[in-house]
Participant: 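Okay, here's the structure, questions in a sec.
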Amino acid sequence: VIKALVWDLDNTLLDGVYLEEPEHPPPVRHDSAKILAELAGRGILQAIASRNPPEAGEYAARATGHDFAAIECGWGAKSAAIEAIMSELNLAPEEVAFTDDDAMERAEVGYRLPDVLVLAPEDLREAASWPEFSPAEVTDEARRRGELYRQRRARREEARAFGGSRDDFLRYCGTRVTIAWAREEDLPRLHELSERTHQFNSAASAWPQPAFARLLSSSEHHVVVLRLADRFGDDGIVGACVIATSEAPGSWRVPLLMMSCRALGRGVIDALLAWLCRAARAAGAAQAAVECVLTSRNVPLRIALTSAGFRAGDGPAPPAGSTVIYRHELELPLPVLPDWVTQWPDGTA
Amino acid sequence: MNAAGLSADIRQMLAGLTGDERPLTAPESTPLLRDGLGLDSLRGTMLLAQISRQYGIDIAAEDLNLDALASIGALTDFLSRRLHLG
């Protein structure tokens with residue numbers, strides 16, 4: 001699945017060369033603007049990598065009226081610009097497409113980053129109909145993705161200038177995490193999270209929407225969603241977990257736990273794990289057990305679990321693809337529920 | 001390299017990740033995560049990647065519990081054993 005499309009500017013997104021006449025820069029190409037709007041509407045992030053001064057990127061954002069998720073303008077290699085964008089947006093090369101009218105630039109990116117999908121502008125129209133560019137259902141979170149990344153940049157700039165600790169900053173931002181039982185209308189987002197999250201995902205593969213639907217009506221399962229907001233904006237649902245409450249006596253088993261990378265550094269995963277332990281204990285369980293399929297990408301989740309006091313066993317990790325169980329005995333003291341968790345289901349924490 | 005040199009290198013690496021100088025002088029028992037040096041899961045992952053590049057040791061594969069991240073001393077001991085610095 002392609003999560004971001006990176007645009008060249010000159011003769012690709014723009015109908016001409018920016019530096020030919022910076023005072024009267026060229027207009028946006030009609031065909032490109034149409035594809036940009038269409039793909040952004042499907043929740044695919046749009047970014048710019050251009051050999052131009054930074055003003056060129058700002059101009060393109062104004063001229064298209066689009067909130068670009070990342071803009072890299074400079075004189076380095078296009079592959080380096082795309083790597084910077086991947087790092088900024090937390091993406092893997094196979095999740096990125098790049099379009100440029102210059103065959104040399106396409107070759108350079110194709111050579112340095114073989115997993116990036118490289119396209120000539122004239123191929124974009126057809127590529128837009130490929131399954132890689134076609135998520136099954138577009139959630140509200142997906143449609144607002146560009147806007148959310150812009151809010152993230154604003155938040156990060158303030159964080160840089162802020163002197164205190166991370167927790168102080170989260171409080172200063174008015175961070176609000178809301179934990180709730182999932183409802184019918186959350187199903188598309190649950191499926192989307194299971195498909196799009198990798199670094200904080202305890203299962204190695206996506207769960208189909210009907211699987212979540214079945215669990216919503218099960219009396220032996222809880223499906224939990226986490227919403228995140230602060231004064232910079234509302235991120236909507238950024239995390240979720242599935243809990244089997246009565247399979248093993250005295251234990252809450254968690255077959256799926258996931259969080260969007262967008263919520264990184266905002267205390268969400270810590271809040272979810274703290275709530276999980278407290279809710280399990282409030283329900284009379286003696287242990288919370290998170291099943292985790294080890295992958296090359298979900299090491300951040302393992303660190304979050306370890307950091308919250310979960311343990312999976314001594315010694316080396318079994319090979320990738322193995323399932324391990326991270327357990328937390330629910331004796332006091334339990335992990336602290338941060339004060340920005342403002343709501344949780346009655347009686348669970 | 002000896003054990004003291006390793007400890008200095010690790011502390012330097014941690015200072016680079018936290019953006020302050022506290023890791024250079026903090027006690028060996030200082031935890032890396034949370035209330036210790038305050039590494040979050042993202043920075044923790046960056047630390048593991050740097051260690052893998054610099055020393056060729058993949059902590060995520062060799063330590064299921066990630067106990068090596070328990071403290072500055074635990075990390076230094078873990079790497080020191082793997083590198084046979086004694």
Side-chain angles (χ1 to χ4, degrees), chain A residues 87 90 156 159-160 162-170 198-201 259 261-270 272-274 292 294-320 322-328 335-336 338, chain B residues 10 13-23 25-26 29-84:
Chain A
S87 145
N90 242 308
R156 197 180 304 163
R160 248 182 235 128
F162 190 83
S165 69
R166 182 195 76 157
D167 286 10
D168 288 342
F169 181 68
L170 291 176
H198 301 284
Q199 301 192 53
F200 292 91
N201 187 316
M259 182 191 83
C261 282
R262 210 164 63 208
L264 257 178
R266 295 172 68 192
V268 172
I269 194 84
D270 300 338
L272 174 56
L273 293 173
C292 182
L294 301 183
T295 70
S296 59
R297 292 185 69 186
N298 67 7
V299 174
L301 174 65
R302 288 170 58 197
I303 295 180
L305 284 162
T306 304
S307 173
F310 284 78
R311 316 279 298 161
D314 296 325
S322 311
T323 302
V324 297
I325 300 176
Y326 280 85
R327 299 171 199 278
H328 199 305
V336 176
Chain B
I10 298 289
M13 210 182 260
L14 290 167
L17 284 166
T18 59
D20 61 48
E21 299 195 340
R22 207 155 59 89
T25 53
S29 59
T30 310
L32 304 186
L33 305 167
R34 298 228 162 172
D35 301 341
L37 295 179
L39 290 190
D40 58 15
S41 37
L42 177 65
R43 290 214 176 80
T45 308
M46 287 160 72
L47 173 68
L48 296 185
Q50 273 189 32
I51 287 171
S52 162
R53 269 200 306 275
Q54 195 149 333
Y55 304 106
I57 294 172
D58 182 355
I59 292 180
E62 293 188 27
D63 181 7
L64 177 60
N65 269 337
L66 303 174
D67 287 330
L69 299 182
S71 66
I72 300 177
L75 179 59
T76 316
D77 288 349
F78 185 92
L79 292 177
S80 173
R81 275 198 305 279
R82 291 296 189 283
L83 295 165
H84 306 292

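As a basis for the values below, the full set of heavy atoms in this structure was taken, side chains included, without hydrogen atoms, waters or symmetry mates. Everything quoted here is computed from the prediction, not taken from an experiment.
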Participant: What donor-acceptor contacts under 3.5 angstrom involve side-chain atoms of residues 41-48 of chain B, with partners at least two apart or in another chain?
Facilitator:
{"from": "B/R43", "atom 1": "NE", "to": "B/L17", "atom 2": "O", "distance (Å)": "3.0"}
{"from": "B/T45", "atom 1": "OG1", "to": "B/S41", "atom 2": "O", "distance (Å)": "2.6"}

Participant: Just to be sure I understand the criterion: a residue of residues 297-307 of chain A counts if one of its heavy atoms is under 4.5 Å from a heavy atom of chain B. Which ones qualify?
Facilitator: A/V299, A/P300, A/R302, A/I303, A/A304, A/T306, A/S307

Participant: Report the residues that fulfil side chain to side chain contact (heavy atoms under 4.5 Å, CB included) with B/P31, sequence neighbours left out, ordered by chain and then residue number.
Facilitator: none

Participant: Non-hydrogen contacts under 4.5 angstrom with chain A: give the residues of residues 58-69 of chain B involved, or none if there are none.
Facilitator: B/A60, B/A61, B/E62, B/D63, B/L64, B/N65, B/L66, B/D67, B/L69

Participant: If I measure from the heavy atoms of chain B, does A/D167 come under 4.5 Å with its side chain, its backbone, both, or neither?
Facilitator: neither

Participant: Using non-hydrogen atoms and a 4.5 Å limit, figure out which bit of A/P318 sits close to chain B: side chain, backbone, both or neither.
Facilitator: side chain

Participant: Can you tell me which portion of A/A320 sits under 4.5 Å from chain B's heavy atoms? Options are side chain, backbone, both or neither.
Facilitator: neither

Participant: What distance separates A/L264 CG from B/D40 CG, expressed to the nearest 0.5 Å?
Facilitator: 7.0 Å

Participant: Just give me the residue among A/G265, A/A308, A/G267, A/P319 that pairs up with chain B most often, heavy atom to heavy atom, under 4.5 Å.
Facilitator: A/A308

